[in-house]
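Remarks on the structure that follows.
Atoms considered below: every heavy atom in the structure, side chains included; atoms not considered: hydrogens, waters and symmetry mates. For reference, positions follow the sequence shown, starting with 1.
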Amino acid sequence: TTPMTQSSTAIAEIKNYILAKGLQPGDALPTESQLCTDLGVSRSSVREAVRTLVALDIVEVRHGHGMFVGKVSMRPMVESLLFRGLLNPGDDHRGLRDIVEVRITLDNALTEPVTQAWKNRQDPELD
């Protein structure tokens with residue numbers, strides 16, 4: 001397999017590991033060498049995968065402490081959409097409209113679970 005394929009495989013496997021173990025933001029991940037052994041890929045493939053996952057906020061590297069599950073935020077997508085808007089300014093603010101559309105979709109999708117989770121709790125600020 002090519003290094004690119006190994007890197008893609010490592011990205012998928014690290015994400016699967018996080019999901020399978022039910023890890024949350026801030027939880028520790030195995031060491032780089034442990035990932036190489038577990039995934040059967042080279043150190044360079046694991047490093048490339050980790051760089052990609054760091055850019056996506058899925059993995060956080062704390063030098064001297066190891067790797068952890070990242071904040072998994074919307075920041076990379078928002079930055080990408082905003083940059084696309086800057087790159088193609090003539091597209092009638094398509095990137096900005098995409099961001100607003102994604103936000104509305106997420107808000108609508110999360111309304112019910114948040115409402116259920118918050119039921120019978122008191123919070124004057126939220127009220």
message = Can you pull out every salt bridge (charged side-chain N to carboxylate O under 4.0 Å, His left out) where at least one residue sits in residues 68-80? Sequence neighbours excluded, please.
response = Asp57-Arg75, Arg75-Glu79

query = At what distance, to the nearest 0.5 angstrom, does CG of Leu29 lie from CD1 of Ile18?
reply = 5.0 Å

note = For Ser42, the side-chain hydrogen bond (donor to acceptor under 3.5 Å, both in side chains) test, sequence neighbours excluded, returns Gln6, Ser44, Ser45

Set of residues satisfying salt bridge (charged side-chain N to carboxylate O under 4.0 Å, His left out) with respect to Glu32, sequence neighbours excluded = Arg43, Arg47

message = Checking Asp107 now: which residues fulfil side-chain hydrogen bond (donor to acceptor under 3.5 Å, both in side chains) with it, not counting sequence neighbours?
response = Arg103

key: Connected via hydrophobic side-chain network under 4.5 Å: Val61 and Val41   = yes

query = If you take all heavy atoms of Ala109 and Pro113, which pair is closest and at what distance?
reply = O-CD, 3.5 Å

query = Transitively linked via ILVMFWY side-chain contacts under 4.5 Å: Ile11 with Leu56?
reply = yes

remark   = Closest non-hydrogen atoms of Pro30 and Met67, given as atom of the first, atom of the second and distance, are O-CE, 3.3 Å

query = Same cluster or not: are Trp118 and Leu110 linked, directly or through other Ile, Leu, Val, Met, Phe, Trp or Tyr residues, by side-chain heavy atoms under 4.5 angstrom apart?
reply = no

ask   = Partners of Glu60 by salt bridge (charged side-chain N to carboxylate O under 4.0 Å, His left out), sequence neighbours excluded?
value = Arg62

key: In one Ile/Leu/Val/Met/Phe/Trp/Tyr side-chain cluster, 4.5 Å: Val69, Met74   = no

inquiry  = According to side-chain hydrogen bond (donor to acceptor under 3.5 Å, both in side chains), who are the partners of Thr105, at least two apart in sequence or on a separate chain?
reply    = none

request  = Work out which heavy atom in Val46 is nearest to a heavy atom in Cys36; give both atom names and the distance.
outcome  = CG2-SG, 3.7 Å

query = What distance do Ile14 atom CD1 and Leu35 atom CG have between them, rounded to the nearest 0.5 Å?
reply = 5.0 Å

request  = List for me each residue that meets side-chain contact (heavy atoms from CB on, under 4.5 Å) alongside Ile104, sequence neighbours excluded, and say none if there are none.
outcome  = Val100, Asn108

inquiry  = Check whether Ser80 reaches the backbone of Pro76 with its side chain - one donor and one acceptor, N or O, closer than 3.5 Å.
reply    = no

ask   = For residues 14-29, which residue pairs qualify under side chain to side chain donor-acceptor pair (under 3.5 Å), counting only residues two or more places apart or in two chains?
value = none

Partners passing side-chain hydrogen bond (donor to acceptor under 3.5 Å, both in side chains) against Thr31 (at least two apart in sequence or in another chain) = Ser33

